[in-house]
2 protein chains.
Amino acid sequence: MEETTTENKILEAAKKIFRQKGMEGARMQEIADEAGINKALLHYYFRNKEKLFLAVFEDSFIQIIPNLSDIFTQCITIEEKISLFVESYIKILEPYPDLPMFILSESRRDPSILINVLERSGIHPKEITLLLNSEMEKGNIIRQNPAHLMVNIVSLCIFPFLARPLLEIVMLKKQGLNPKDFYNNRMAETKDFILRAVIPNYQKR
Amino acid sequence: MEETTTENKILEAAKKIFRQKGMEGARMQEIADEAGINKALLHYYFRNKEKLFLAVFEDSFIQIIPNLSDIFTQCITIEEKISLFVESYIKILEPYPDLPMFILSESRRDPSILINVLERSGIHPKEITLLLNSEMEKGNIIRQNPAHLMVNIVSLCIFPFLARPLLEIVMLKKQGLNPKDFYNNRMAETKDFILRAVIPNYQKR
DNA sequence: GTCTATATGGCGATAGAC
DNA sequence: GTCTATCGCCATATAGAC
């Protein structure tokens, strides 16, 4: 069941505002309004803006680097693993379309906020590298640099969220396309594109 | 030859600071210092921060949506066109690694800044869609949704710039990789990945 | 055109009553 | 724990001398 303590109300409000506007764009007053409390209470619970922001950032980071590592230890083919990863990742992001820009933009503003949070992150690229190399040995996936392959997959999943406002305007004004249709097809198209670049003789099924 | 009028010095300084820190993170004092002039002069030439920012944004937008449309009208194969696009685009961005985040982040903060700038942008996705469709008819590229294909190509080119600080830390701390090596190989790996997903029976050459 | 000095407002943070 | 009132700073913007 939901905890509706004051501290929790503040955190939820802060998540909403910080993720939308970033550390520098957010206003403590706006967060207080959103939480339905007074501005002074923010400082009572979190001392200052920086500390409140860090709480939101860490929570957000854990959410965007989801616990998907178990996908790669399951007993399924590499094709199914990649498929499942892409589907799960896009599904996780869909309810929080602001998260990717928030994380990347704040990481760029102040990379030091990453240091603490990376430890407890559940990112283990070394293990995935081993898996990919072994699958290449077996001929199950096309030979390529594993680091680039991982970045490629993540790029294709995340970029449409990052560029959403720009993409929507371009589609509407320059192509006469409905952005909703685009985003509805996105998961399937992403999966097929990746698998064509990765699986030998891949045919859509 | 270089124009070194005061107005130009201001614009160059503003580009540097705004692209690094964004509209909300930038300080008029810092821009004045960078330009080697007084803060009041900024207002003399550009009235207010918003107008100075818009000048920088429009200049930046034109730079990131480069005049690459002529690539698609050249008399070369579709494979060469895609190859050339990826190479040119990454090469254009390399001297300005902050540009992609600046454009996308500011577009999200206030999408209305896009309206004016999109008109004179040289983005003509409809023409590229026609080209892609015709190449699919001929069997030169694998059948897929042209809108997604265009987004995929741009995603793979741009994302590594957007995520650079995060990627560098992950590579150093979690993989023991040298980020420089990664970015040196990036162009070739991107090209091959895309061509495998697009060209029937593509073999690296 | 370029400067110094100053006005004006907003925001993070604190004091202190309840 | 929660509120009202207020402090102090900093950033944008303007006034006015040169």
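In the text below, chain A, chain B and the rest are named by the order of the sequence lines, each starting its count at 1.
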Ring centers of F193(B), H148(A) separated by less than 6.0 Å: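 No - the distance between ring centres of F193(B) and H148(A) does not fall below the 6.0 Å cut-off.
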Whole-Å distance between [N] [atom2] and [X] [atom1]?
| X | N | atom1 | atom2 | answer |
| --- | --- | --- | --- | --- |
| K51(B) | dT12(D) | NZ | P | 16 Å |
| L42(B) | dA11(D) | CG | C1' | 12 Å |
| N48(A) | dC11(C) | CG | C1' | 14 Å |
| L52(B) | dA11(D) | CG | P | 16 Å |
| H43(B) | dT12(D) | NE2 | P | 7 Å |
| K49(A) | dT14(C) | NZ | C1' | 17 Å |

What pairs with [X] under side-chain contact (heavy atoms from CB on, under 4.5 Å), at least two apart in sequence or on another chain?
| X | result |
| --- | --- |
| K49(A) | F18(A), M23(A), R27(A), M28(A) |
| P165(A) | R108(B) |
| L41(A) | T6(A), I37(A), Y44(A), Y45(A) |

Any salt bridge (Lys or Arg N to Asp or Glu O under 4.0 Å) pairs touching [range], not counting sequence neighbours?
| range | answer |
| --- | --- |
| residues 179-190 of chain B | none |
| residues 150-179 of chain A | R164(A)-E168(A) |
| residues 71-90 of chain A | E79(A)-R205(A), E87(A)-K191(A) |

Pairs under 3.5 Å (N/O, protein and nucleotides 1-7 of chain C):
residue	atom	partner	partner atom	Å
dT2(C)	OP1	T6(B)	OG1	2.9
dT2(C)	OP2	T6(B)	OG1	3.3
dT2(C)	OP2	Y45(B)	OH	2.7
dC3(C)	OP2	N38(B)	N	3.1
dT4(C)	OP2	N38(B)	ND2	2.9

DNA chain C contacts among residues 13-33 of chain A, heavy-atom distance under 4.0 Å: A26(A), R27(A), M28(A)
Residue pairs, two or more places apart or on separate chains, that pass ring-ring contact (aromatic ring centres under 6.0 Å, His included) and touch residues 115-137 of chain B: none
